[in-house]
Number of protein chains: 2
Amino acid sequence: MGITDRKEREKQEMRKLIIDAAMEMFIKEGFERTSIRNIADKIEYSPATIYLYYKDKDELLYEVQGQAFLELYNAFVKEVTATDPLERLEQLLFSYINFGFEHPDLYDLMFILRAPMKAVDDENDWPNCDEAYNYLADIIDKCGDQLRFDNPQIAALSIWSIGHGLISLYIRERIKVMQLPDDQIRNIIIATAKEHLRLMKK
Amino acid sequence: MGITDRKEREKQEMRKLIIDAAMEMFIKEGFERTSIRNIADKIEYSPATIYLYYKDKDELLYEVQGQAFLELYNAFVKEVTATDPLERLEQLLFSYINFGFEHPDLYDLMFILRAPMKAVDDENDWPNCDEAYNYLADIIDKCGDQLRFDNPQIAALSIWSIGHGLISLYIRERIKVMQLPDDQIRNIIIATAKEHLRLMKK
DNA sequence: TTCATTTTATGAACAGTGTTCAGTAAGTTT
DNA sequence: AAACTTACTGAACACTGTTCATAAAATGAA
């Protein structure tokens, strides 16, 4: 049936129209200044229409989060170019931190905000993040016994936590307490990440 | 003038009444279910009255954050009992992580939420956190050259970031991606913190 | 005590939020 | 052409933080 196909296609196009508008507004205006009404205005539909395509705002946010994870994964593929696994691990960490610096609002949505996670019903599942996490896990596997860790899961969580800790303290303005001049904050974050990598290596 | 003294005292009592009610609601009901109207209801005043004592919600939140930092500092003093600085550093990190596990909503207010930081006008100042941060910085100083770090600021940021990274990934449900059974999440967080301490030591 | 002034508290309103739903208009099938 | 289905929306609901004119109470001066 050609019509049902077209209808399905149009439905997907509408969903894309909505999340593209949402994503653009998150990046440009920030998360807090982006409401359902704002998104509706931008795409020239009524707010109620959005609810025909997404159950609620959380579900919409989860979808945008998915797009953001695609961008992160693309950054990984583009920036992690070395063959030596230890070098790859370093490139990965800096790619991750850099993503946080360049897209703080997307980072928020991916790793800090509560809202999008409310759309994940399953207790132990978060498909949006799988691809990126596996990318990290694979690199750590390839490092074999070159790291001072016995457990690869702990190694992965260690790398992730130091990266996330640095970025989120920065994004949420907690590094203020160290009273560093503004242009040195980035430097000390990068230096701390480098030191962590150094300590991890055998 | 006795009357002005009493008035000032009453003003401070009213401010305390408000933040105590707010704090109790954050802990009991969670941050998202605590509105100015809810707090006003609890203390049996009109919402408008709260604005006679606090400029806006952000200022109120900043004050509650200050109370939360007092509690964190008290936990440090109570739980960091060793004399050896390396041991003290370990006790501090676990005290910090434990605080996050036991008071996730206060941790939110202290280290994750944007709102309370909007009440900090100064670019490079965050008095609420000073005491707790200096406690960490002092311990690291006392470690002297026993750590594999040249720069004490980097050592401090490294410890803080790993602790914050672990807690905030947990609180905001991002550790889901590792697909661990619920009772093992705490274990792997603690194990990762322990490994970090091990790597830091000479 | 009486009157004027200052302090303290509030009801009602404003502009915003996410969300629902009856009603309308357009598209599709018979 | 009529019946049915799908797509869309205006208006409303219950909530949010915040402001402000108004009222009540406390204080100071006569």
Side-chain angles (χ1 to χ4, degrees), chain A residues 1-19 21-22 25-26 29-65 105 108-109 113-119, chain B residues 1-19 21-22 25-26 29-65 105 108-109 113-119:
Chain A
M1 189 54 98
I3 286 174
T4 14
D5 287 358
R6 198 202 69 222
K7 290 251 163 151
E8 178 58 27
R9 212 168 54 235
E10 282 172 354
K11 186 154 196 164
Q12 292 308 320
E13 277 166 15
M14 188 65 172
R15 285 175 68 98
K16 195 172 173 347
L17 185 69
I18 294 168
I19 60 160
M25 296 190 71
F26 289 154
E29 314 283 342
F31 173 77
E32 288 182 336
R33 272 183 293 284
T34 306
S35 66
I36 296 285
R37 278 178 178 80
N38 294 154
I39 299 169
D41 275 0
K42 187 170 180 99
I43 60 173
E44 294 175 296
Y45 279 86
S46 144
T49 303
I50 291 178
Y51 286 88
L52 300 175
Y53 297 89
Y54 292 99
K55 183 172 132 280
D56 54 26
K57 200 188 181 186
D58 297 337
E59 201 176 280
L60 197 164
L61 290 179
Y62 185 77
E63 202 95 335
V64 180
Q65 190 195 66
D105 293 283
D108 237 22
L109 195 63
L113 293 178
R114 276 228 171 75
M117 302 309 276
K118 289 182 194 155
Chain B
M1 189 53 98
I3 288 174
T4 15
D5 287 358
R6 198 203 68 226
K7 289 247 163 156
E8 179 58 27
R9 211 169 54 236
E10 282 173 354
K11 188 154 196 164
Q12 292 309 321
E13 277 166 16
M14 188 66 172
R15 284 176 69 99
K16 194 172 172 351
L17 184 70
I18 294 168
I19 60 160
M25 296 189 73
F26 288 155
E29 314 283 341
F31 173 78
E32 287 181 336
R33 273 182 291 283
T34 305
S35 67
I36 295 285
R37 278 177 178 79
N38 294 155
I39 299 169
D41 275 359
K42 189 174 179 94
I43 61 173
E44 293 177 295
Y45 278 86
S46 144
T49 302
I50 291 177
Y51 287 86
L52 299 176
Y53 297 89
Y54 292 97
K55 183 172 132 281
D56 54 26
K57 199 188 182 185
D58 296 337
E59 201 177 278
L60 197 163
L61 291 179
Y62 185 77
E63 201 96 336
V64 180
Q65 190 194 66
D105 293 284
D108 237 22
L109 196 63
L113 293 179
R114 277 227 171 76
M117 302 309 276
K118 289 181 193 157

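We name chains A, B, ... by the order of the sequence lines, and we start the count at 1 in each one. Note that the coordinates shown come from a computational prediction; the quantities given were computed from them, not determined experimentally.
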Going by heavy atoms in the side chains, are [X] and [Y] under 4.5 Å from each other?
| X | Y | value |
| --- | --- | --- |
| B:Leu61 | B:Phe26 | yes |
| B:Ile36 | B:Tyr51 | yes |
| B:Leu52 | B:Met14 | no |

Discussion item. Please encode protein proximity along nucleotides 5-11 of chain D as a string of B, S and -, counting only heavy-atom distances under 4.0 Å.
Written reply: ---BBB-

Worksheet entry | Over 12 foreign heavy atoms within 6.0 Å of CD, B:Glu10 |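 Correct, the count exceeds 12.
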
Could you state the atom-to-atom distance from [atom1] of [X] to [atom2] of [N] in whole Å?
| X | N | atom1 | atom2 | result |
| --- | --- | --- | --- | --- |
| A:Ile36 | C:dT20 | CD1 | P | 11 Å |
| A:Met25 | C:dT17 | CE | C1' | 14 Å |
| B:Ile39 | D:dT18 | CD1 | C1' | 14 Å |
| A:Tyr51 | C:dG18 | OH | C1' | 4 Å |
| A:Asp56 | C:dT17 | CG | P | 17 Å |
| A:Glu32 | C:dG16 | CD | C1' | 14 Å |

Worksheet item: Distance under 6.0 Å and angle within 45° of the ring axis: does A:Lys57 meet both against A:Phe31?
Response: yes

Item to complete: Determine to 10° how strongly the helix from C:dT5-D:dA26 to C:dT30-D:dA1 is bent, judged from the axes of its five-pair ends.
Response: 20°

Discussion item. Using the rule given for side-chain contact (heavy atoms from CB on, under 4.5 Å), can you reason through B:Arg33 versus B:Asn38, listing the C-alpha separation, both sets of side-chain angles and the distance that settles it, and then say yes or no?
Written reply: CA-CA 8 Å; B:Arg33 273 182 291 283; B:Asn38 294 155; 5.5 Å; no

Item to complete: Please confirm whether the backbone N or O of A:Arg15 pairs with a side-chain atom of A:Tyr54, one donor and one acceptor, at under 3.5 Å?
Response: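 Flag set: sc A:Tyr54 to bb A:Arg15 pair under 3.5 Å.
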
Worksheet item: Counting only N and O atoms by type, is there a donor-acceptor contact under 3.5 Å from the side chain of B:Gln65 to the main-chain atoms of B:Leu109?
Response: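 A pair under 3.5 Å: yes.
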
